[in-house]
Amino acid sequence: MRVALMVGNWKMHKTSAEAVSLVEGLKPYLAPLKDLEVVVCPPFTALAAAARAVAGTSIGLGAQNLYWEKEGAFTGEVSAPMLAELGCRYVIVGHSERRQHFGETDEIVQRKARAAVTVGLRPIVCIGESLRERDAGTTFDVLEAQVKGSLRGLSGDSGLVVAYEPVWAIGTGRTATPAQAQEAHAFVRKLLEGLLSPAAAAATRILYGGSVKPDNVRDLMAQPDLDGALVGGASLDPNSFGKIVRFRG
Ligand code: PEP
């Protein structure tokens with residue numbers, strides 16, 4: 001069984017003090033939650049404070065990025081061992097904003113994902129087509145190239161999580177319909193069967209991301225291949241993320 005996973009991607013929002021108050025605001029929504037994992041991904045600067053705030057709760061911690069070398073002359077970068085030491089369990093890799101604004105390619109994404117796995121961090125590898133690609137009818141070609149390129153070298157026991165995030169739905173208020181999301185997720189799972197193994201594909205969680213809100217999460221989560229959500233904007237407010245986390249009622 002795949003345990004549902006709700007991840008809050010705070011992007012470049014929240015100071016350390018604000019991170020603590022967001023976590024405090026989330027706590028009332030947590031108990032008793034069964035068969036559900038909740039993870040927050042603050043910016044690097046707020047990770048230590050957030051780690052203290054989530055200690056003793058069921059909230060897990062994730063980072064939003066990493067560099068693939070362990071250490072060295074890479075000014076401004078942060079490595080996988082540094083994140084693991086802070087208590088991170090997850091790290092988002094290849095978010096479309098990083099692909100778009102920072103030139104991250106599938107080659108870079110797979111290096112980062114493999115670096116995460118070497119220290120026991122679970123990579124949340126993001127893929128997704130642009131509006132132009134969807135309109136051109138190339139969605140599945142794009143997804144296939146991203147899956148094969150970004151997950152190269154990962155094995156079935158890596159703790160991998162895949163996030164399908166159609167770029168046209170991120171931060172736009174425009175959500176993929178549950179049917180569109182399911183179609184993409186089923187396609188990705190089929191690819192994982194060939195790339196990893198049928199058992200690993202069945203065990204891998206595939207999250208949906210793109211304007212997930214309290215009022216659309218239930219219909220999305222009703223799809224058989226949707227195993228959770230990667231939530232941006234709506235994760236910045238404890239009450240809206242709390243309602244998403246409690247989508248079952
Ligand atoms: C994201 O940041 O991954 C995301 C899906 O953002 P939003 O929920 O704001 O669309």
Side-chain angles (χ1 to χ4, degrees), residues 4-14 18-19 22 26 29 37-44 46-47 50 60-66 88-102 104 106 108-109 112-113 116 122-131 133-134 139 142-143 146-147 150 160-178 180-182 184-185 188 205-221 223 225-247:
L5 173 62
M6 294 297 178
V7 181
N9 172 17
W10 296 359
K11 311 195 188 196
M12 198 174 71
H13 293 283
K14 307 293 177 187
E18 290 165 346
L22 210 174
L26 256 184
Y29 290 94
E37 219 184 320
V38 179
V39 171
V40 294
C41 300
F44 289 137
L47 280 171
L61 195 64
Q64 300 174 18
N65 184 29
L66 81 168
C88 289
R89 277 187 230 157
Y90 290 88
V91 59
I92 299 170
V93 183
H95 190 280
S96 67
E97 287 153 13
R98 297 218 52 91
R99 292 179 185 260
Q100 206 177 323
H101 304 309
F102 302 96
E104 290 198 5
D106 290 330
I108 289 174
V109 174
K112 291 186 171 189
R122 296 168 163 224
I124 301 173
V125 177
C126 302
I127 56 168
E129 81 285 2
S130 67
L131 187 56
E133 290 160 342
R134 178 157 281 265
T139 294
V142 170
L143 294 182
Q146 289 181 338
V147 166
S150 303
L160 165 73
V161 175
V162 178
Y164 168 61
E165 299 207 300
V167 179
W168 47 272
I170 298 179
T172 59
R174 211 178 135 184
T175 321
T177 64
Q180 282 173 323
Q182 168 57 26
H185 282 227
V188 170
R205 288 175 295 182
I206 306 177
L207 313 183
Y208 169 78
S211 299
V212 173
K213 307 277 181 244
D215 60 4
N216 60 24
V217 63
R218 223 183 145 86
D219 287 347
L220 288 161
M221 288 301 289
Q223 302 302 310
D225 285 295
L226 263 80
D227 307 313
L230 181 53
V231 185
S235 72
L236 296 175
D237 172 65
N239 299 315
S240 65
F241 192 52
K243 285 181 193 146
I244 289 172
V245 159
R246 309 259 353 172
F247 72 97

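Just so we're clear, the structure is a prediction, and the values are computed from it rather than from any experiment. Remember, it's 1-based here, ligands and their atoms both numbered in the order they're listed.
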Checklist line | Close-range residues for ligand 1, whose non-hydrogen atoms fall below the 4.0 Å threshold | finding: Asn9, Lys11, His95, Glu165, Ala169, Ile170, Gly171, Gly209, Gly210, Ser211, Leu230, Val231, Gly232, Gly233
Margin query: For Lys14, give me all partners under salt bridge (Lys or Arg N to Asp or Glu O under 4.0 Å), at least two apart in sequence or on another chain.
Written below: none
Item checked: All salt bridge (Lys or Arg N to Asp or Glu O under 4.0 Å) counterparts of Arg205, not counting sequence neighbours -> Glu37
Notebook entry, point to check: Just by distance, do the side chain of Arg99 and the backbone of Val109 share a donor-acceptor pair under 3.5 Å?
Noted result: no
Check: According to the interplanar angle, ranging from 0 to 90°, do the rings of Tyr208 and Tyr164 count as parallel (below 30°), tilted (30 to 60°) or perpendicular (above 60°)?
Finding: tilted
Notebook entry, point to check: Are Gln182 and Asp225 close enough, and set up right, to give a side chain to side chain donor-acceptor pair (under 3.5 Å), and what steps lead you there?
Noted result: CA-CA 6 Å; Gln182 168 57 26; Asp225 285 295; 2.8 Å; yes
Next item on the list: Just jot down the side-chain hydrogen bond (donor to acceptor under 3.5 Å, both in side chains) partners of Thr139, sequence neighbours excluded, or say none.
Entry: none
